[in-house]
Amino acid sequence: MRLQDKVAIVTGAATGIGQAIAVRFAREGAAVVVDYIGQPDVASKTQQQIADFGGKSIALEADISKPDQVQNLIDGAVKAFGKLDIVVNNAGVEKKLAFVDYPLEELRKILDINLIGPFLVSQAAARQMIRQGNGGRLVNISSVHEDLPMPTNAAYCVSKGGLRMLTRTIAVELAKDKITVNNIGPGAVFTPIDADVEAMPEMEKALMGEIPLARWGKPEEIAGLAVYLASDEAAYITGSTYFIDGGMLRQSGSY
Ligand code: BGC
């Protein structure tokens, strides 16, 4: 087991990629804090999956854009399991709308969850890890859109572009404390965030046409890399993004 005796927080772990990571981490021996917002019944499904094989987890509700709730999340992990080794900043939201019509409220919401959230959670986690003195792992779930523009998705692209620089900057700053910081950049993964695309065959076909491997990714395929980046084996890896996108970023449009 690659995360034996580690304690991990996974934000947005009630569904999708976060759920797959939480379950996989528990399988690898970690005690997992399942962070969620507003849906205790869904979070309990993640917990149930973990309990089914005898894994350890607790569920904690936290709005990651609120510093006091973030601190409660970190403190709750330490109270339950004695320490904090790994944080996966996974929680994210998306709203596709024409740039010229984009409402400020939506922009603020997306930046709050996708960028301010990881900033605050990483900050509180790093303080805890520095106090512990044994280093740590911060793994952020970004997107191909930290790099790739996507028309009608400006707020999301901006948030992920910010996450890219958050990772690069704090990876350098936290290196002296042996805390590594990396991004995973998924492409099109079959989860609730893409319910709009999944429901429209034409849109789905167009999206698949942009992916050399011509299929959706699976949340479990993201979880595999998250385990590696969170493990002791990845101690020398920091400050970069690793894309899992079926080749999406390399498609040339001519093949
Ligand atoms: C977005 C999806 C999009 C995918 C590939 C993801 O980050 O959440 O909406 O389909 O990137 O473009």
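Read the numbers this way: they start at 1 and go in the same order the structure lists the ligands and their atoms.
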Residue F99 excluded, over 12 heavy atoms near CZ under 6.0 Å: no

For S143, the ligand 1 atoms whose distance to one of its heavy atoms is below 4.0 Å: 6 (C), 7 (O), 11 (O)

Mind checking what makes salt bridge (charged side-chain N to carboxylate O under 4.0 Å, His left out) contact with R137, not counting sequence neighbours? none

Is the shortest distance from a heavy atom of D194 to ligand 1 less than 4.0 Å? yes

So is E210 in contact with ligand 1, going by heavy-atom distances below 4.0 Å? no

Hey, which atoms in ligand 1 end up nearer than 4.0 Å to a heavy atom of M248? 5 (C), 12 (O)

Residues R24 and E28 bridged, charged N to O under 4.0 Å: yes

Proximity flag K96 to ligand 1, non-hydrogen atoms under 4.0 Å: yes

Can you name the atoms of ligand 1, numbered from 1 with element, that are less than 4.0 Å from a heavy atom of E94? 1 (C), 2 (C), 8 (O), 9 (O)

Applying a heavy-atom cut-off of 4.0 Å, say which part of H145 lies close to ligand 1: side chain, backbone, both or neither. side chain

If you count the atoms of ligand 1 from 1 in the order shown, which ones are under 4.0 Å from a heavy atom of G187? 4 (C), 5 (C), 6 (C), 11 (O)

Contacts of E146 meeting side-chain contact (heavy atoms from CB on, under 4.5 Å) (sequence neighbours excluded), chain-then-number -> S142, K160, R164, N183, T241, F243

